[in-house]
Amino acid sequence: MDAARQQLTYVWIFAAVAAAVLLPVAGLNFALGMRSLGGGDVAVRASAWQQATHGVTYSPPLSDSRPFKSARLFDRLPEINAVVFGSSSAMGITQGMFPSGIAAYNFAQTGNRLLTVISEAEFLQRRQPGLKWLVIPLDWALGFLYEPGTPGPENLAPPAAGTPAPGAEVPLARRLADAVSLPRVKNLFGILAQIARAPAPARAFREMFLQDESNEYRCADGTPARDYDTIFRGTCTGFRYDGSATFANVEPVPARRADALIASAVVPSSKYSLALTQSGGVPNPVILERLAVLAQEMKARHGGALFFLPPLLPGLERALLDAPHTRGPLMRTKQELAQWARAHGLVIIDAGQSERYGCVAPEFVDEHHALPACYERIFARFWRERPGPGLWRAQ
Amino acid sequence: MLFNSYVFIFAFLPLTLAGFFLLGHWRPRLAAAWLAVASLVFYGWWNPVYVLLLVLSTVFNYACGISIARAPSRPERKRALAFAVAVDLAVLAYFKYANFFLGSINHATGWQLSLGEIVLPLGISFFTFTQIAFLADTYYGKVREYNFIHYGLFVTYFPHLIAGPVLHHAEMMPQFDESRTYRFSYENAAVGITIFVIGLAKKVLIADSVGEYARPVFDAAASGVTLTALEAWCGALAYTFQLYFDFSGYSDMAIGLSRLFGVVLPLNFHSPYKAVNIIDFWRRWHMTLSRFLRDYLYFPLGGNRKGPARRYVNLMITMALGGLWHGAGWTFVAWGTLHGVYLVINHAWHAVRARLGHDLKRSTSWGRACGCFVTFLAVVIGWVVFRAADFGTAVAMLKAMAGANGFLLPDFWLPKWGTVGQWLAEHGLQFGNTRDFVGGGVVNWIWILLAVVWFAPNTQQLLADYRPALALFAERYQGRLAWRPTPYFAVLTAVIALAAIFNLHKQSEFLYFQF
């Protein structure tokens with residue numbers, strides 16, 4: 001073969017092999033990804049299934065839990081008198097952590113800012129006279145406490161059937177890029193391997209690629225589960241009936257890894273350091289003012305507002321207090337919150353130094369996401385001691 | 001736009017190539033203009049505002065070049081050159097160094113001078129240096145071509161625009177003038193794709209992965225965590241390889257992309273960790289920058305023509321400024337100065353050996369291996385200073401590497417090492433409960449990558465039969481990995497490309513973008 005022909009053949013074989021893999025992968029993942037973006041009435045159907053079975057589920061995408069959680073909240077409102085608000089860092093709080101008389105639903109949603117939480121709480125307070133308890137994280141580590149602005153109006157309507165897909169506005173280019181990303185490709189090969197091993201591969205293929213939801217299955221503790229997403233299938237990923245997350249799709253932090261995570265979290269360029277240094281550690285006064293009003297209203301209903309500083313990976317807050325660039329702002333935050341709590345007769349659980357409650361690194365999935373086991377220790381200690389107004393932490 | 005992004009690989013590149021060859025078939029000058037415009041789109045993708053800066057800089061320098069060339073007398077030419085270079089350096093100084101110098105003044109005096117936040121335009125050092133070379137050569141009468149489209153394309157040409165190589169007009173503009181450049185060639189396509197894929201894999205599969213181990217260690221040192229020797233060495237070596245594969249990957253991608261357009265770029269990287277001394281290292285690392293610094297800074301300072309003492313001073317000045325070129329920070333100046341010291345020692349050593357009558361051209365394999373090892377260690381120490389956020393971090397890392405904090409090894413290695421481990425433990429080596437800075441396979445990465453950088457042929461050697469870059473080295477690789485356009489290599493390249501594409505989701509910038 002002459003040189004020119006060899007080179008021509010080379011280019012075409014390269015293109016053919018690349019296309020032969022890339023196109024089916026992109027096509028199949030694009031189809032799966034379309035359903036991973038949620039849409040239609042998937043949140044309503046997932047919610048209805050959980051209401052009927054008390055099982056574990058969620059509606060895709062996992063990064064936007066609002067439609068599903070709203071649907072669940074409105075289903076649960078008649079039987080609860082407490083709502084846990086916040087972002088994913090509060091998703092580890094379960095009904096079992098509250099004393100009898102408090103029936104809670106964990107309404108925490110991914111990336112939910114404190115300003116939005118206040119709007120949600122105000123909306124529910126107006127609409128739900130039976131609501132007596134608000135559990136609200138004052139998340140300084142993510143900067144939510146310092147965020148400028150005022151809480152906007154909120155209309156917490158549950159999603160209706162036929163709601164447009166939340167991901168419909170995602171550009172095609174991004175969806176295609178997502179389809180050929182390694183996590184999606186791994187997921188696809190995992191699915192194809194499962195289908196190949198299944199006793200009835202054709203049925204398994206249909207369930208995965210053509211059916212909107214998985215068949216029902218059981219988690220390790222016997223709870224029923226059903227997946228409406230096309231990733232994490234069969235892993236019991238999602239939310240329990242009480243709204244808390246199972247965190248089944250993430251790995252806990254190995255004890256050996258903790259020091260490395262803390263070291264990275266303390267450098268001046270980390271998001272934790274920046275949250276403190278850019279704000280100077282001064283909470284947004286509007287946030288504190290509106291929270292105080294909410295708490296007074298709850299007291300008037302013979303309930304209350306329970307505030308907490310979310311637990312951080314053991315040793316992280318201590319390291320931030322030792323670092324020269326974050327020490328001042330963090331101490332200022334604590335002082336201002338302590339003063340505010342005393343002035344309004346409120347209790348704030350300071351769980352930042354989670355090691356004081358006996359939490360350990362494997363009870364976290366990263367620097368600021370505590371698993372239920374850690375929250376269990378914190379709330380158990382709190383209910384046992386029932387401290388007076390102020391910033392309280394275990395001694 | 002990043003070379004390692006979906007939009008570049010699947011949209012920008014195919015469209016630009018198609019337009020270039022379609023227009024080139026019809027009218028080459030239009031194809032050159034198309035490529036220049038596409039390059040501006042590529043640049044503007046990051047921040048459209050700075051396209052204006054790039055265009056103004058190109059037009060200004062072209063106009064200055066013409067006026068230098070047409071100036072009737074030498075003093076007038078000199079004045080025009082001085083003016084143009086001063087403007088170029090002033091722009092560079094404003095965007096890149098103003099806040100650094102003000103910060104240093106504020107630190108020394110306690111003042112509060114500020115120019116606010118200045119965003120560093122991508123690639124400003126590269127397109128400034130490229131054009132200063134053009135002006136200087138115009139002054140010396142070395143420039144033969146003044147076609148504006150070719151000049152504009154030479155400056156803005158997207159494969160080199162952001163992070164080099166630092167192109168020289170004499171090796172680029174003649175290529176833009178050749179009609180065959182504008183004709184599609186399967187050889188160029190095959191060679192270009194292969195080099196681009198190798199570069200992409202180096203960046204996406206190796207540099208980004210090994211870099212994950214470097215960051216926590218340097219962060220830990222910056223946070224005041226006391227590191228053990230093993231942790232510090234793993235962090236330093238991980239960064240050593242991250243920078244190597246990041247920059248080498250970028251250089252390969254630039255060369256491969258350019259080859260797709262029928263343009264051969266100068267070699268920028270030639271297995272620098274195989275260097276047997278520091279002089280050799282600088283002939284292999286960022287070769288086009290070394291060439292620029294030599295031709296337009298070291299030689300004008302006098303080079304080695306004014307005696308050994310002045311030569312060493314010139315070397316120190318060149319390297320310190322070379323360090324400053326890499327970044328507006330004292331650690332970069334320290335890194336450059338450190339390499340200046342290395343070079344002075346190296347030259348002095350050669351001078352002593354020459355005086356003793358040694359033949360410097362003869363060496364033994366053991367001598368070369370020792371030289372390579374010592375050079376590598378010196379370079380790693382330099383990278384610690386280069387990477388550290390401040391001098392405190394650099395000192396903490398270097399102290400830990402020197403063993404000031406002990407040599408504790410992870411206890412889970414002890415059973416893996418069997419009797420050797422037992423023997424070492426009995427003879428003073430400490431095993432204990434360590435943190436996870438060195439877990440997750442970093443040690444495996446390090447020894448594998450050491451083997452690659454020391455023993456494997458590089459991209460240019462693999463493709464040596466197909467003239468992948470200008471100024472090829474004499475050593476050729478004749479082994480089984482030598483590339484040929486066979487079906488086997490086509491499939492292998494496609495598999496590597498797919499692996500890299502699937503990993504593009506964790507897209508990261510090239511380290512050299514900041515320079």
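Lettering follows sequence order; numbering is per chain, from 1. Heavy atoms only: backbone and side chains are in, while hydrogens, waters and symmetry mates are out.
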Looking only at Ala265(A), Ala18(A), Ala16(A), the option with the highest number of non-hydrogen pairs under 4.5 Å against chain B is Ala18(A)
Measure across Tyr466(B) and Gln7(A) and return the closest heavy-atom pair with its distance rounded to 0.1 Å. CE2-NE2, 4.0 Å
Flag the one option from Asp178(A), Val180(A), Val17(A) with the top tally of heavy-atom pairs under 4.5 Å to chain B. Val180(A)
Heavy atoms from other residues, nucleotides or ligands near NE2 of His25(B) exceed 12 (cutoff 6.0 Å): no
Engaged part of Val185(A) at the chain B interface, taking heavy atoms whose separation is under 4.5 Å: side chain
Locate the shortest heavy-atom distance separating Tyr6(B) from Ala177(A); write the atom from each residue and the value. CD1-CB, 3.4 Å
Atom pair CG (Leu261(A)) and CG (Asp219(B)), whose distance is rounded to the nearest 0.5 Å: 11.0 Å
Is it the side chain or the backbone of Ala497(B) that comes within 4.5 Å of chain A heavy atoms, both, or neither? side chain
Check whether Val191(B) gets within reach of chain A through its side chain, its backbone, both or neither, counting any heavy atom under 4.5 Å. neither
Walk me through whether Phe14(A) and Val197(B) qualify under side-chain contact (heavy atoms from CB on, under 4.5 Å). CA-CA 11 Å; Phe14(A) 170 84; Val197(B) 166; 4.2 Å; yes
Considering residues, nucleotides and ligands other than Arg180(B), do more than 12 of their heavy atoms fall under 6.0 Å from its CZ? no
Spatial distance of atom CG (Leu188(A)) from atom CZ (Phe502(B)) [nearest 0.5 Å]: 9.0 Å
Honestly, the part of Phe218(B) sitting under 4.5 Å from a heavy atom of chain A is neither
Dump the intermediate steps for side-chain contact (heavy atoms from CB on, under 4.5 Å) on Asp259(A) and Val225(B), then the final yes or no. CA-CA 9 Å; Asp259(A) 280 352; Val225(B) 172; over 6 Å; no
Measure the spacing between CZ of Arg5(A) and OH of Tyr186(B) and express it to the nearest 0.5 Å. 10.5 Å
Among the listed options Ala323(A), Pro183(A), Pro324(A), the residue most often paired with chain B at heavy-atom distances under 4.5 Å: Pro183(A)
Provide the closest heavy-atom pair for Trp483(B) versus Tyr10(A) in the form atom of the first, atom of the second, distance. NE1-OH, 3.1 Å
Counting heavy-atom pairs under 4.5 Å to chain A, which of Leu492(B), Ile501(B), Ile193(B), Val491(B) comes out on top? Ile193(B)
Heavy-atom cut-off 4.5 Å, strictly under: side chain, backbone, both or neither for Val11(A) against chain B? side chain
